[in-house]
There are 4 protein chains.
Amino acid sequence: MTIEKKELIRQAAVKIIARDGFYNTKTSKIADEAGVAVGTIYNYFHSKDEILEYIFEVEFEKRINYLKELDDKEISIHDKLSLFIEKHFQEIKNNLDTAQILVREKEFPKTSDFSSILSYLNEIPLLLESMLDEAIEKEEIREQNSTIIAGLIFGALQGVVEKALRTNNLDLLDNAEEEVLTFFKNGI
Amino acid sequence: MTIEKKELIRQAAVKIIARDGFYNTKTSKIADEAGVAVGTIYNYFHSKDEILEYIFEVEFEKRINYLKELDDKEISIHDKLSLFIEKHFQEIKNNLDTAQILVREKEFPKTSDFSSILSYLNEIPLLLESMLDEAIEKEEIREQNSTIIAGLIFGALQGVVEKALRTNNLDLLDNAEEEVLTFFKNGI
Amino acid sequence: MTIEKKELIRQAAVKIIARDGFYNTKTSKIADEAGVAVGTIYNYFHSKDEILEYIFEVEFEKRINYLKELDDKEISIHDKLSLFIEKHFQEIKNNLDTAQILVREKEFPKTSDFSSILSYLNEIPLLLESMLDEAIEKEEIREQNSTIIAGLIFGALQGVVEKALRTNNLDLLDNAEEEVLTFFKNGI
Amino acid sequence: MTIEKKELIRQAAVKIIARDGFYNTKTSKIADEAGVAVGTIYNYFHSKDEILEYIFEVEFEKRINYLKELDDKEISIHDKLSLFIEKHFQEIKNNLDTAQILVREKEFPKTSDFSSILSYLNEIPLLLESMLDEAIEKEEIREQNSTIIAGLIFGALQGVVEKALRTNNLDLLDNAEEEVLTFFKNGI
DNA sequence: GATGAATGAGTATTCATTCAT
DNA sequence: AATGAATGAATACTCATTCAT
């Protein structure tokens, strides 16, 4: 029961923050959207910051679990990338509001504990990096700086989503999967 | 004389905003850093928002002017990309604080007129897109969705910078130019 | 409950604004006087301006309602004036602070919506005017420009109050009713 | 030469303050209107407050000098009032901006020295009062409280001007003189 | 005298958070 | 657990005044 309410608040927050941006979002607006009183929010979150943290947490957890699974599989790097990108765009299309937040909110208060977000933001590229390293070792792909390339890939995915959202051209996302994959396969 | 003071304030703002983030930056801190009174800021900018806008404007103008020059040159897309990326990383290394701001500040107040920033944010990918279109037509590169790929490239560049700044591994930027270029040349 | 708090704030504001003048009154002083936090003021008023507006509204409403009642009565203009003036001075003596505000605050911010105040300021003379017109028609009083005379009467009442407050001679108000009435009855 | 500039600034201030109100008037606007630099204002006035004080001073001086002259004349109170009112409305029509200020600006900062304004504001009713007292003694007019009636007359004159300005009906002023005079003559 | 950029004390307003009900 | 009125620290911005040129 109470878990459902936390989820209710998270979803309301996603909607409002996607529209207005985190710093321009008032807790009262989130409460309105969720149909609860402001005070109720604080029964499930210690602070406004924590809501954002939780949004990131939920979303990244999906990606990371999937990436870890992939990492363990005995398939080519191309197939791994293919599956990850498919999953990624599927999630994006599934929830554009969350996507908006993931690509836009990059300014975290120093005072709050955003360490979990930051570790997530680091962890995805790190997993990509380890995939690449493995593939380089196996000589599946050419020698390359896996740290840089992992950052590049992570950023590239965000760039495509940003482009689609900024120009309000969501059809772009339909073709994105294939285009991105081809580019990456050639690139690495 | 007055132009110098506006520039002085811009530089102070860049430093503080890079460190604390725009929303966590107080105008009084910028004034302190610039060695002027708060009121003086408002002799050169109408609002705090406008300072951020100006920072983006100055920086994007460099990129866009350079890209426009390149676009007119009769050289291969590979050379164009090469020159642009060289210029890009040169500017980044030249001013890491500005770089930090460019990759982090993506939440613009709706009330203010950030149209100029937004148009800049659109213009760079658009220029890349037109370069790609031209190259596709000339059959320099394979058929591809230039809109998506332009977004991808723009995002990828930001991803690399973000990675370097987030992990505080600035050496990464030294190799980035070559790695990114190779990836892009193969990718397109 | 909440209505009581709005009234509490209004009364505190009346006291401070009467003493210091609207433009020299700080919201924090009003809050102190009311025994609430500054923020609480803004739960009941949108702005400092709106407090002043509300003060006028409350006070004028009393006068206007009374005038409208009188207007409907089948009594002579002399009796109407007599009753209105009696009521007026009674209210004044009842709350000198409000009186002070009514006669002193005549500079309304253009940015705010003071239309309601302005309409009140027009309405009282207009009601007086219609009373006079009726009396002229009935030949109770001589032919005269009712617009001018209404303005004159409204101003005269303020002049007497101003005089009493400025010279801090409140006893003046005790005789004012009779003196003013005699003057008006002769005048019209 | 310098006297001319002080006058220039006074006239500019009258125009702006009449339009926007004293508290909503910026010194920079006055400077603009006068075609001088802000700093120049401070060569002729010690403060913004002093400008308002000076405006009142100039205007009241005219009235008071005239009243004093009248007081000394051996004419009936009716003639005195008649001449004063004629003079008054003549001045008003001559400069509506000043009139606007005289009727509207009643909130004086306590910190500044507005004593001269206040004494002027007192002095006119006092002179009227002494005229009335003399007339009462001479049995030109009935027994009455001259203090109250002087306040009443002073306020009534303001009321008529306020009415004309508020309703933007300046034609009213043309008839005002006669109407007011008749009313007063009957009233006293 | 004239200038106008620089100053910084002053203030209305906001909004995340609390806590009595 | 839920509520939402009350809180008050925090802060962008203003504008009268100064003073070096």
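Note on naming: letters A, B, ... go to the chains in the order of the sequence lines (proteins, then strands), and numbering restarts at 1 for each one.
Contact between the side-chain N/O atoms of A:Y44 and the OP1/OP2 oxygens of F:dA2 is found at a separation under 4.0 Å.
Judged as a side-chain hydrogen bond (donor to acceptor under 3.5 Å, both in side chains), and not counting sequence neighbours, the contacts of B:E162 are A:K106, B:R166. Remark: C:E59 engages C:K62, C:R63 in a salt bridge (Lys or Arg N to Asp or Glu O under 4.0 Å) (not counting sequence neighbours). Under the rule for a side-chain hydrogen bond (donor to acceptor under 3.5 Å, both in side chains), B:H46 has no partner lying at least two apart in sequence or in another chain. With sequence neighbours left out, the ring-ring contact (aromatic ring centres under 6.0 Å, His included) criterion links D:Y42 to no other residue. In this structure, the side-chain hydrogen bond (donor to acceptor under 3.5 Å, both in side chains) partners of C:Y23, at least two apart in sequence or on a different chain, are D:N24.
Counting to the nearest Å, the P atom of F:dC13 and the CD1 atom of B:I30 are 10 Å from each other. The interatomic distance linking A:N24 (CG) with E:dA16 (P) rounds to 10 Å, in whole Å. Put simply, NZ on B:K5 is 16 Å from P on E:dG4, counting in whole angstrom units. Distance B:D20 CG to F:dA12 P: 12 Å, rounded to the nearest Å. D:K29 places its NZ atom 14 Å from the P atom of F:dT14, with the value rounded to the nearest Å. In this entry the distance linking CG of B:L8 with P of E:dA5 reads 16 Å, nearest Å. Counting to the nearest Å, the P atom of E:dT14 and the CZ atom of C:F45 are 15 Å from each other. Atom-to-atom, CD1 of C:I9 to P of F:dT7 comes out at 9 Å; the value is rounded to the nearest Å.
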Its contact letters, B for base, S for sugar-phosphate only and - for none at protein heavy atoms under 4.0 Å, make nucleotides 16-21 of chain F read BBB---
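Rounding to the nearest 0.5 Å places CG of A:L52 at 11.0 Å from CD of A:E107.
Sorted by first and then second residue, the salt bridge (charged side-chain N to carboxylate O under 4.0 Å, His left out) pairs with a member in residues 26-35 of chain B read B:K15-B:E33; sequence neighbours excluded.
Contact of the D:F108 side chain with the D:D49 side chain is not registered, since no non-hydrogen atoms from C-beta on lie closer than 4.5 Å.
Rounded to 10 degrees, the angle between the two end axes of the helix from E:dA2-F:dT21 to E:dT21-F:dA2 is 0°, with five pairs used at each end.
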May I have the list of side-chain donor-acceptor pairs in residues 95-103 of chain B shorter than 3.5 Å, sequence neighbours left out?
from  : atom 1 : to    : atom 2 : distance (Å)
B:N95 : OD1    : B:D97 : N      : 3.2
B:N95 : OD1    : B:T98 : N      : 3.1
B:N95 : OD1    : B:T98 : OG1    : 3.2
B:N95 : ND2    : B:T98 : OG1    : 2.8

